[in-house]
Amino acid sequence: MNTAYKVLSSDADLFAAALAQVQVYVVQLVDGKPHVIADYAGPVQKWTAEYIVLAGMTYRRDEFEFRVGLNKK
C-alpha cells in the first residue's frame, strides 16, 4: 500500500501544519535516511531551529523526519 505524505522540513511547512492542526507523525532517521515510524504524535505545538514539540514530546529536527498524510483525490 502506497501512502502519500508531505515531509515538513521548512519553518513555513511547520507553521502551516500548526495553523491547520493536522496530525503529524514522526519518523526516526538512521544515517540520514527514514528508518521507522517513531510516533503518531499529533499537531505541532512549537518549533525552533533545533527542536519540534508535538503533543508534549520534544524531537530533534536533525534526528527525525516529520510527515503529514495527503488526501488522495
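All values derive from a computational prediction rather than experimental measurement.
Listed by chain and number, the residues in a salt bridge (Lys or Arg N to Asp or Glu O under 4.0 Å) with Asp31 amount to none (sequence neighbours excluded). A search for side-chain contact (heavy atoms from CB on, under 4.5 Å) contacts involving Asp13 returns Lys6, Leu8, Ser9, Ser10, not counting sequence neighbours.
When every heavy atom of Ala49 is checked against every heavy atom of Arg61, the shortest pair comes out as O-CD, 3.5 Å. Shortest non-hydrogen contact noted between Gln45 and Gly56 is OE1-N, 2.7 Å. The two residues Ala41 and Ala55 come nearest to each other via the heavy atoms O-CB, 3.1 Å. Summarising the geometry of Val24 relative to Val68, their closest heavy-atom pair is CG2-CG1, 3.8 Å, with the distance given to 0.1 Å.
Counting only distance, with no hydrogens or angles, the side chain of Gln28 and the backbone of Ala38 share no donor-acceptor pair below 3.5 Å. Within the 3.5 Å criterion, the main-chain N or O of Arg60 finds no donor-acceptor partner in the side chain of Glu63.
Leu14 contributes atom CG, which lies 10.0 Å from atom OG1 of Thr48 (distance to the nearest 0.5 angstrom). Rounded to the nearest 0.5 angstrom, Lys33 NZ and Glu65 CD are separated by 13.0 Å.
Cluster membership check: Met57 shares its hydrophobic cluster with Ile52, using side-chain heavy-atom separations under 4.5 Å among Ile, Leu, Val, Met, Phe, Trp and Tyr. There is no path of hydrophobic side-chain contacts, each under 4.5 Å, that joins Ile37 to Leu54. Under a hydrophobic clustering in which Ile, Leu, Val, Met, Phe, Trp and Tyr are joined whenever their side-chain heavy atoms come within less than 4.5 Å, directly or via other members, Trp47 and Leu19 fall into the same cluster. Connection of Tyr59 to Val27 is not established within any shared hydrophobic cluster, with ILVMFWY side chains joined at heavy-atom distances below 4.5 Å, either directly or through further cluster members. Phe64 and Val30 sit in two unconnected hydrophobic clusters of ILVMFWY residues. Membership requires side-chain heavy atoms under 4.5 Å apart, directly or through other members.
A cation-pi geometry, defined here as NZ or CZ lying under 6.0 Å from the six-membered ring centre and within 45° of its normal, does not hold between Arg67 and Tyr25.
A heavy-atom distance below 4.5 Å is found between the side chains of Phe66 and Val26.
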